[in-house]
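In this chain, numbering begins with 1 at the start of the sequence shown.
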Amino acid sequence: MANENLARAQRAKNDEFYTQYQDIERELQAYINYDPDLFRDKTVLLPCDDPEWSEFTRYFAQRFGELGLRKLISTSYAPESKRLSTPYQPTLFEQDAPQYDPDKTCVRGKIFTLSEDITHDGKIDLADLQWSYMEGDGDFRSEEVCRLRDEADIIVTNPPFSLFREFVDWIFEAGKDFLIIGNMNAITYKNIFPRIAANEMWLGFSIRSGDREFEVPKEYPITAAGWRIDENGRKFVRVKGVRWYTNLEHGRRHEPLKLMTIEDNLRYSRNKKIKGKSFEEAYPRYDNYDAIEVGSTDAIPSDYDGVMGVPISFLDKYCPEQFEIIGATESEGKGFSRGLWDSTSGVTQPVVCRERDSGSTSVSSSALRIAGHEKYDRPYVQGRRLYFRIFIRPCQSNTSVAGVNEA
């Protein structure tokens with residue numbers, strides 16, 4: 001789950017969370033290890049960035065030659081369009097540049113490009129970055145940035161959390177490779193989960209649990225736990241529930257889970273809800289879906305061939321050669337379960353009625369089947385409502401992988 005820092009950013013549209021260099025380096029190294037030529041002769045676009053001090057820009061500029069890049073493009077959003085709570089102050093870097101224009105600095109985005117050795121020192125690096133003002137404010141949806149997207153081979157960035165859905169559609173519209181950061185709950189979005197289920201995108205390598213620290217603008221309100229200000233006055237907040245999303249291959253994605261059989265789970269599981277129980281107690285069937293409940297990834301039985309409901313955290317360890325994603329509970333979209341909804345269960349989707357006078361929305365009590373509850377899209381076990389679940393089953397074409405046992 002995202003913490004209050006991220007939730008507040010989404011509500012306020014204060015989306016400037018700047019990724020730390022070590023997190024970028026750790027993640028990207030996994031893809032380079034898997035394919036050393038991944039970036040060779042490629043154009044990389046870093047939209048939604050702040051090129052003057054972005055760690056994304058610094059990473060790729062420093063490694064331009066090592067990665068074999070053809071071109072690096074980094075763009076920023078105009079300060080006035082960000083609706084900052086304090087007046088914008090241009091950096092000395094910008095003010096000292098011959099192209100500095102006080103009439104453009106607040107209303108135009110900036111574009112930084114790197115493709116040639118302009119310093120003539122025999123290498124292409126940070127010192128060779130060239131910049132100019134954009135024609136517009138740098139919004140990724142503008143025609144100007146769309147043209148840059150179409151030119152690029154790979155898109156890497158930390159997009160605005162509040163625009164994550166739209167940003168992913170923007171990438172897929174152009175059919176580009178990408179690596180981006182988002183809220184873990186984005187897995188449940190209507191335009192995200194079907195792409196994950198179809199293996200068109202997946203989770204990245206390095207973030208699987210815990211939280212990550214992001215730098216935020218000076219005017220960002222610090223009111224929640226998990227923040228600090230460094231010796232240079234820079235503000236940082238810790239954010240839970242973030243993940244890398246990508247369609248780039250990395251080796252960990254193809255490592256099968258080591259699992260125990262049903263019998264061994266019931267005898268040796270560390271989970272108190274599993275150990276010493278009968279199969280029906282440990283793996284109950286849902287009231288309203290044709291599947292069994294598996295409450296944690298490590299409790300998935302290696303020898304069960306039917307459909308299982310698992311938490312979204314399963315995707316951190318998902319191996320597409322081991323399991324097939326069938327669907328999900330219908331809390332985020334009608335039809336997500338792909339036929340697993342049990343219409344004979346006595347648990348039905350609520351009938352939503354709109355009051356004519358007030359325009360408010362209410363749920364018809366005649367549709368309810370369990371007292372005290374108004375939503376039936378999530379899974380239920382003996383009347384108890386659970387969180388969003390993903391439905392999986394072992395790959396039928398590779399049962400030897402699906403049945404990997406823990407020694």
Side-chain angles (χ1 to χ4, degrees), residues 184-203 256-257 259 261-262 265 271 273-274 277-352 363 367-370 373-399 401-403:
M184 186 176 184
N185 284 338
I187 291 168
T188 68
Y189 294 169
K190 292 180 181 179
N191 69 325
I192 303 297
F193 179 77
R195 287 168 170 153
I196 291 175
N199 275 308
E200 296 174 355
M201 63 184 294
W202 43 85
L203 298 190
L257 282 164
L259 303 170
T261 63
I262 295 171
N265 266 293
N271 191 324
K273 295 181 180 180
I274 303 292
K277 306 293 184 180
S278 67
F279 176 80
E280 289 74 18
E281 292 172 323
Y283 301 103
R285 298 198 71 81
Y286 296 117
D287 300 342
N288 52 341
Y289 290 96
D290 186 16
I292 64 169
E293 158 71 358
V294 182
S296 60
T297 300
D298 61 2
I300 296 173
S302 64
D303 54 348
Y304 185 78
D305 294 331
V307 179
M308 298 168 275
V310 295
I312 61 174
S313 56
F314 161 81
L315 291 176
D316 286 327
K317 300 179 180 180
Y318 168 55
C319 169
E321 290 81 24
Q322 185 178 22
F323 289 102
E324 175 188 5
I325 297 176
I326 303 299
T329 47
E330 306 206 2
S331 52
E332 303 302 326
K334 188 74 173 176
F336 263 34
S337 69
R338 296 180 62 185
L340 293 174
W341 176 270
D342 184 359
S343 60
T344 68
S345 65
V347 179
T348 63
Q349 298 279 22
V351 175
V352 178
V363 179
L368 307 182
R369 294 295 181 269
I370 299 177
H373 295 278
E374 294 184 344
K375 293 182 74 177
Y376 300 95
D377 39 17
R378 288 183 180 175
Y380 280 77
V381 172
Q382 298 178 359
R384 182 170 59 93
R385 187 170 184 249
L386 306 177
Y387 289 109
F388 181 95
R389 290 291 188 261
I390 294 170
F391 295 123
I392 65 169
R393 68 182 172 200
C395 291
Q396 302 302 311
S397 60
N398 197 346
T399 55
V401 173

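Minimum interatomic distance between A291 and R285 (heavy atoms only, all atoms of both residues): N-NH2, 3.3 Å. Contact between C395 and E324 at its shortest, heavy atoms only, is SG-N, 3.7 Å. What you find for K190 and F336 is that their closest heavy atoms are CA-CZ, 3.6 Å. Of all the heavy atoms in I262 and P301, the pair that sits closest is CG1-CB, 3.4 Å. Contact between N265 and I274 at its shortest, heavy atoms only, is O-CG2, 3.4 Å. Of all heavy-atom pairs spanning M308 and P394, the tightest one is CE-CD, 4.1 Å.
To the nearest 0.5 Å, atom CD of residue E293 and atom CG of residue D287 are 11.0 Å apart. For the atom pair OH of Y286 and CG of D342, the computed distance is 13.5 Å after rounding to the nearest 0.5 Å. Between the CZ atom of R378 and the OG1 atom of T329 there is a distance of 7.5 Å, given to the nearest 0.5 Å. Atom CD1 of residue I312 and atom CD1 of residue I390 lie 6.5 Å apart, to the nearest 0.5 angstrom. Here the CZ-CG distance, from R389 to L340, works out to 14.5 Å after rounding to the nearest 0.5 Å.
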Pair I300-I392, side-chain contact (heavy atoms from CB on, under 4.5 Å): steps then yes or no: CA-CA 10 Å; I300 296 173; I392 65 169; 4.1 Å; yes
Steps toward side-chain contact (heavy atoms from CB on, under 4.5 Å) verdict (F279, I292): CA-CA 10 Å; F279 176 80; I292 64 169; 4.2 Å; yes
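No donor-acceptor distance shorter than 3.5 angstrom exists from the side chain of D305 to the backbone of R393, with no hydrogens or angles considered. No donor-acceptor pair under 3.5 Å is formed between the side chain of S337 and the backbone N or O of E330. No donor-acceptor distance shorter than 3.5 angstrom exists from the side chain of R195 to the backbone of M201, with no hydrogens or angles considered. No donor-acceptor pair under 3.5 Å is formed between the side chain of D303 and the backbone N or O of T261.
Under the 30°/60° scheme for interplanar angles, the aromatic rings of F391 and Y289 are found to be tilted.
Residues I325 and F193 have side chains in contact (heavy-atom distance under 4.5 Å, counting atoms from C-beta outward). Side-chain atoms of L257 and Y318, non-hydrogen and from C-beta on, never get closer than 4.5 Å to each other. In this structure, the side chains of S296 and K273 stay at 4.5 Å or more apart for every pair of heavy atoms. At a threshold of 4.5 Å between non-hydrogen side-chain atoms, the residues F388 and N185 do not count as touching. Residues Y283 and Y304 fail the side-chain proximity criterion, which asks for heavy atoms closer than 4.5 Å. With contacts defined as side-chain heavy-atom distances shorter than 4.5 Å, the pair T297/D316 does not qualify. Within the 4.5 Å cutoff, the side chain of D290 has no heavy atoms near those of the V307 side chain. Side chains of M184 and L315 form no contact here, defined as non-hydrogen atoms less than 4.5 Å apart.
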